[in-house]
Amino acid sequence: MKSILTSISLSALMTGAGFAQTYVGDVAVNPEDVQLGQKHFSPFVDQSFPNRVFWGDTHLHTSYSTDAGMLGNVLGPDEAFRFARGEKVRGSLGEFAQLVRPLDFLVVADHAENLGLAPMISESNPQLLANPWGREVHRLVKAGDSLAAYVTWGESMMANKDPLDDDDLTRTFYNRIVETAEHYNEPGVFTALHGFEWTSSRDANNLHRVVMFRDNADKVADIVPFSNYDSSDPEDLWDWMESYEVRTGGRVMAFPHNGNLSNGLMFNDVRENGEPIDAEYAERRMRWEPLYEVTQIKGDGETHPMLSPNDEFADYYTWDRGNFGTESKLPEMLPREYARTALARGLKYEQEIGVNPFKFGMIGATDSHTSLATAREDNYFGKAAAGEPGSGEDRYDEFLIQPDFLGEEVAVRHYETLASGLAAAWARENTREAIWDAFNRKEVYATTGPRMTVRVFAGWDFEADEVHRPNFAAEGYARGVPMGGNLFSGPEGGAPKLMIRALRDPDGANLDRIQIIKGWVDTDGEPRTKVFNAAWAGERELDAAGNLPPVGSTVEGAKYTNTIGSAALGGHWVDPEFDPAQRAYYYVRVLEIPTPSWLAYDEAYFGRLNLPEDAIMEQQERAYTSPIWYSPQG
């Protein structure tokens, strides 16, 4: 094994320094002074590859989302952006919150369906009161019965009938979010991207997409976000996105999320209209949805233990009881719900129809409905206002998926939620254009909350000692492809060689290991996946099956130490089972050492909690990179 697998611990990682355009905090360079090809004393002159990792949340809800504002969230887009930029903000229940470090970018992605309903009611908006339904929900809220008003709205949502049907009203409140994003957007310092969430929930099956624009207010202002009232079919959303680009000259993309709540529809074998997947559909899906939100508060979506029975880390906050409460989960639904298997099935589709419909990169996000983009276990402010600190022990027993239809078999409570997650983007500058472009080329990765730095390149001639070199990234781009890239047939007898480096969050835990997840289509035409350990901390040895002993644990209640694991890991890995005739993908999973969960931190702060036996008190945070795909010539 050592002939093809080298485990390397690095004491420090270095990234290339580079210049950007003139922004606050950046060094100004006149483009006319750049002469490509000319030899310079400084090795960084004319360097153009992405050299910084930027952190953000692309899926945050404020009081403008009806399922947030009608359920106790009183914080709007202003507080959301101020919090993301690092300011101290008071939550809806009165507790102050602040991030350990500011985020670099944020998308306020409020639900398109009756966007702004709660603030409309709060300010007694005249247009709302001119509508009979609007007057009724306004009356209920002002009479102190917000829950009844919310249920009334929910009935309209379930019936897929817009009770307001007022584009001008929607546009007014959407424009307020646009104006707030413009106010807080500061190129080079903080990026406020425009967006919203399309909330398709056909028969209570989750097909939600977050929509994110590359553009400024001159293009995105005055639009009416596409909603589930318009259509529940993603292909109609793509039509709307295409129309936007044609009309404005702008750019837009969408991110699906929570396939685990779709009951087999997220990565289905047929389209929403019942037609089979064909090449045109596959091309359109990857044109408009290049990424998948693989981890967030409502369950981790990388894989499932039934799909990956040999993966000891597969059962990570698994939500698999059903959809949003109306239908229980069946085992045959699982392959069409999780990222790892969907990526492998995409290879099979490519083999059959010539195009891969599931060739997506991976990001994380919070999906928080508190206006607070918190993703750390020790700073967890819940999913909704009712789950914020200060709400008492009921916070843990609060239903996130109600048992109204099928009882406890589908119910999910707040204690089962994740603090996850964040998106990391490799770019040269913190601007709307640079962040969006990083997403579009899939040079992004997901974490469950920690800000660990991860980089991977695949090529044909990387040597093991190159992982040590300070010009690691320059050589990676020059002779290989980064995460999100495509690798084609190499030299005869060769196999893909991956160089990986990972550095712990400076405010977080040491690293346990780096793993490579490979997917391929076997000779029988069946999708397969396998996990390989590529680098690890300590003196552990792989067994004959390639498995690695646990790193151990220092967790005691809400405390742990970094006396185990490594601050940085690097690995050089060569695919030991490579078949040049088989399509394949490779992505990296990085695991931290065990750390306390948010429940353990809560117990340390509030005192002993009456938690169920299955409450997770200790866990291993992780990162998932976008894949690199190998395609044989021809």
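In this text, all values refer to a predicted model and were calculated from it rather than measured experimentally.
- Figure legend: R176 and Y64 shown without cation-pi pairing, the cationic atom not lying both under 6.0 angstrom from the six-membered ring centre and within 45 degrees of its axis.
- Using a 4.0 Å cut-off between charged nitrogen and carboxylate oxygen, D505 and R101 count as a salt-bridge pair.
- With ring centers used as reference points, W153 lies under 6.0 Å from Y150.
- Ion pair E337/K329 flagged as a salt bridge, since at least one NZ, NE, NH1 or NH2 atom sits closer than 4.0 Å to an Asp/Glu carboxylate oxygen.
- Looking at Y380 and T417, their side chains do bring a donor and an acceptor atom within 3.5 Å of each other.
- Note: F439 and F255 have tilted aromatic rings, judged against thresholds of 30 and 60 degrees for the angle between ring planes.
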task = For E197 and R209, run salt bridge (charged side-chain N to carboxylate O under 4.0 Å, His left out): C-alpha distance rounded to whole Å, both residues' side-chain angles, the deciding distance at 0.1 Å, then the answer.
result = CA-CA 6 Å; E197 181 172 1; R209 267 78 167 165; over 6 Å; no
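- The existence of a salt bridge linking D397 and R413 is confirmed by a sub-4.0 Å separation between a basic side-chain nitrogen and an acidic carboxylate oxygen.
- To the nearest 0.5 Å, atoms CD (E388) and CG (L372) are separated by 6.0 Å.
- Taking both residues in full, the closest heavy atoms of A604 and A558 are given as CB-CB, 3.6 Å, listed atom of the first, atom of the second, then distance.
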task = Go through T62 and D110 one step at a time and tell me if the side chain to side chain donor-acceptor pair (under 3.5 Å) criterion holds.
result = CA-CA 6 Å; T62 75; D110 281 314; 2.8 Å; yes
Chi angles and distances behind the side chain to side chain donor-acceptor pair (under 3.5 Å) call for N73, S92 = CA-CA 6 Å; N73 181 3; S92 294; 3.2 Å; yes
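- S201 has its side chain out of reach of L207: every pair of non-hydrogen atoms, C-beta onward, lies at least 4.5 Å apart.
- Residues R513 and E312 are paired through a salt bridge, judged by an N-O separation under 4.0 Å between the basic side chain and the carboxylate.
- No hydrogens or angles considered: nothing links the side chains of N323 and N206 as a donor-acceptor pair under 3.5 Å.
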message = Walk me through whether D104 and R85 qualify under salt bridge (charged side-chain N to carboxylate O under 4.0 Å, His left out).
response = CA-CA 7 Å; D104 297 306; R85 285 175 60 103; over 6 Å; no
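- You'll find the side chain of M253 reaches within 4.5 Å of the side chain of P290, heavy atoms only.
- If you take CG on L343 and CZ on F360, they are separated by 3.5 Å, rounding to the nearest 0.5 Å.
- Residue R321 holds its CZ atom at 11.5 Å from CG of N260, rounded to the nearest 0.5 Å.
- Salt-bridge annotation for R202 and E272: present, with a side-chain N of the basic residue lying under 4.0 Å from a carboxylate O of the acidic one.
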request  = Determine, step by step, whether E302 and Y587 satisfy the side chain to side chain donor-acceptor pair (under 3.5 Å) criterion, reporting the C-alpha distance in whole Å, the side-chain angles of both residues, the deciding distance to 0.1 Å, and the verdict.
outcome  = CA-CA 11 Å; E302 185 216 4; Y587 70 83; 2.7 Å; yes
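- Here the OG1 atom belonging to T366 is positioned 8.0 Å from the CG atom belonging to L106, to the nearest 0.5 angstrom.
- Summarising the geometry, atom OG1 belonging to T374 is positioned 12.0 Å from atom NZ belonging to K383; distances are rounded to the nearest 0.5 Å.
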task = Would you please test D300 and R622 for salt bridge (charged side-chain N to carboxylate O under 4.0 Å, His left out) and show each step?
result = CA-CA 11 Å; D300 192 81; R622 53 202 64 196; 5.7 Å; no
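- Neither side chain, H208 nor N258, offers a donor N or O lying under 3.5 Å from an acceptor on the other.
- Between V444 and I363 the shortest heavy-atom distance is CG2-CG2, 3.7 Å.
- For F83 and F96, the ring centers are positioned 6.0 Å apart or more.
- Closest approach of P627 and G361 over heavy atoms only: CD-CA, 4.0 Å.
- Between G382 and S368, the shortest heavy-atom contact is O-OG, 3.8 Å.
- With rounding to the nearest 0.5 Å, the separation of CG in L193 from OG1 in T58 is 9.0 Å.
- The aromatic ring centres of Y396 and H414 sit 6.0 Å or more apart.
- With hydrogens and angles left out, the side-chain atoms of D162 and N114 include a donor and acceptor closer than 3.5 Å.
- Counting non-hydrogen atoms of other residues, nucleotides and ligands closer than 6.0 Å to NZ of K142 gives a total above 12.
- With salt bridges taken as basic N to acidic carboxylate O contacts below 4.0 Å, one links R589 and D311.
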task = Apply the test salt bridge (charged side-chain N to carboxylate O under 4.0 Å, His left out) to residues E136 and R139: give CA-CA distance (whole Å), side-chain angles for both, the deciding distance (0.1 Å), then the verdict.
result = CA-CA 5 Å; E136 176 59 15; R139 183 192 67 78; 2.8 Å; yes
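- Annotation for E409: atom CD counts as buried by contact number, over 12 foreign heavy atoms lying within 6.0 Å.
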request  = Give the C-alpha distance, both sets of side-chain angles, the deciding distance and a yes or no for side chain to side chain donor-acceptor pair (under 3.5 Å) between S597 and Q619.
outcome  = CA-CA 6 Å; S597 74; Q619 47 108 49; over 6 Å; no
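- Among all heavy-atom pairs drawn from R376 and V100, the shortest one is CD-CG1, 3.7 Å.
- Using a 4.5 Å heavy-atom threshold, the side chains of H61 and H111 count as touching.
- A donor atom on one side chain and an acceptor atom on the other are not found under 3.5 Å apart for T448 and T295.
- When every heavy atom of S156 is checked against every heavy atom of W133, the shortest pair comes out as OG-NE1, 3.9 Å.
- In this structure, H369 has its ring center at least 6.0 angstrom away from the ring center of H59.
- Of the possible donor and acceptor atoms, one in the side chain of S262 sits under 3.5 Å from a partner among the backbone N and O of G259.
- In this structure, W240 has its ring center closer than 6.0 angstrom to the ring center of F196.
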